[in-house]
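Reviewing the structure listed below.
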Amino acid sequence: MKLELYMFETCPYCRRVLNYLAESGRTDVELHNIHKNAEDRRRLIEVGGMEQVPCLFIDGDPMYESLDIIDWLKAHPQV
């Protein structure tokens, strides 16, 4: 399963997800900072349809809302 988190560092909702990732020790989520990489920003808008972050792509399908992302990650632990 491919997990990609589109985010930027000063977003409080992104920080919530990033803090969960750090606390849980997950290493299977690839980070994409849309403020540091224009191609990541373009892909987020193209695939997700909007520039909203955080956005977790789960095998290419977007999921928004920090609490929904954290709940999904908890329900699908790293293997």
Side-chain angles (χ1 to χ4, degrees):
M1 180 174 309
K2 184 170 184 178
L3 302 175
E4 301 172 277
L5 180 66
Y6 285 75
M7 45 68 73
F8 61 89
E9 293 170 356
T10 58
C11 164
Y13 302 105
C14 298
R15 293 285 350 139
R16 179 185 286 164
V17 176
L18 292 170
N19 287 341
Y20 170 76
L21 291 174
E23 291 167 6
S24 67
R26 286 191 81 129
T27 59
D28 61 335
V29 180
E30 184 178 318
L31 302 180
H32 296 272
N33 188 327
I34 66 165
H35 283 181
K36 292 185 178 180
N37 187 310
E39 182 57 36
D40 286 342
R41 182 179 174 276
R42 274 193 294 279
R43 180 165 185 261
L44 172 65
I45 295 168
E46 181 180 304
V47 177
M50 58 185 152
E51 193 177 345
Q52 179 179 331
V53 291
C55 177
L56 180 66
F57 281 90
I58 305 162
D59 288 334
D61 294 324
M63 173 183 282
Y64 299 95
E65 303 300 330
S66 60
L67 294 177
D68 291 342
I69 292 169
I70 291 169
D71 286 344
W72 189 93
L73 290 168
K74 286 178 180 178
H76 300 85
Q78 183 174 350
V79 288

Got a list of side-chain donor-acceptor pairs under 3.5 Å for residues 60-70, not counting sequence neighbours?
| from | atom 1 | to | atom 2 | distance (Å) |
| --- | --- | --- | --- | --- |
| Y64 | OH | G48 | O | 3.0 |
| E65 | OE2 | Q52 | NE2 | 3.3 |
| S66 | OG | R16 | NH1 | 2.9 |

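The backbone N or O of K2 sits less than 3.5 Å from a side-chain atom of D59, completing a donor-acceptor pair. In this structure, E4 contributes its side chain and H32 its backbone to no donor-acceptor pair below 3.5 Å.
With sequence neighbours left out, the salt bridge (charged side-chain N to carboxylate O under 4.0 Å, His left out) criterion links D71 to no other residue. For E39, the salt bridge (charged side-chain N to carboxylate O under 4.0 Å, His left out) partners at least two apart in sequence or on another chain are R42.
Within a 6.0 Å radius of CZ in R43, more than 12 heavy atoms belonging to other residues, nucleotides or ligands are found. Y13 OH: 12 or fewer foreign heavy atoms inside a 6.0 Å radius.
Under a hydrophobic clustering in which Ile, Leu, Val, Met, Phe, Trp and Tyr are joined whenever their side-chain heavy atoms come within less than 4.5 Å, directly or via other members, V17 and M50 fall into different clusters. There is a path of hydrophobic side-chain contacts, each under 4.5 Å, that joins L73 to M7. Taking hydrophobic clusters as Ile, Leu, Val, Met, Phe, Trp and Tyr residues chained together by side-chain heavy-atom distances below 4.5 Å, L56 shares a cluster with L31. In the hydrophobic cluster analysis, where Ile, Leu, Val, Met, Phe, Trp and Tyr join through side-chain heavy atoms closer than 4.5 angstrom, L21 is grouped apart from F8.
Note: F57 and Y6 have perpendicular aromatic rings, judged against thresholds of 30 and 60 degrees for the angle between ring planes.
The distance from atom CD of Q78 to atom OG of S24, rounded to the nearest 0.5 Å, is 8.0 Å.
Contact annotation: the side chain of L18 approaches that of L5 to within less than 4.5 Å [non-hydrogen atoms, C-beta and beyond]. The shortest side-chain heavy-atom distance between C55 and L44 falls under the 4.5 Å cut-off. A 4.5 Å side-chain heavy-atom check between N33 and D40 finds every atom pair outside the cut-off.
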Given I58 and H76, is the side chain to side chain contact (heavy atoms under 4.5 Å, CB included) satisfied, shown in steps? CA-CA 11 Å; I58 305 162; H76 300 85; over 6 Å; no
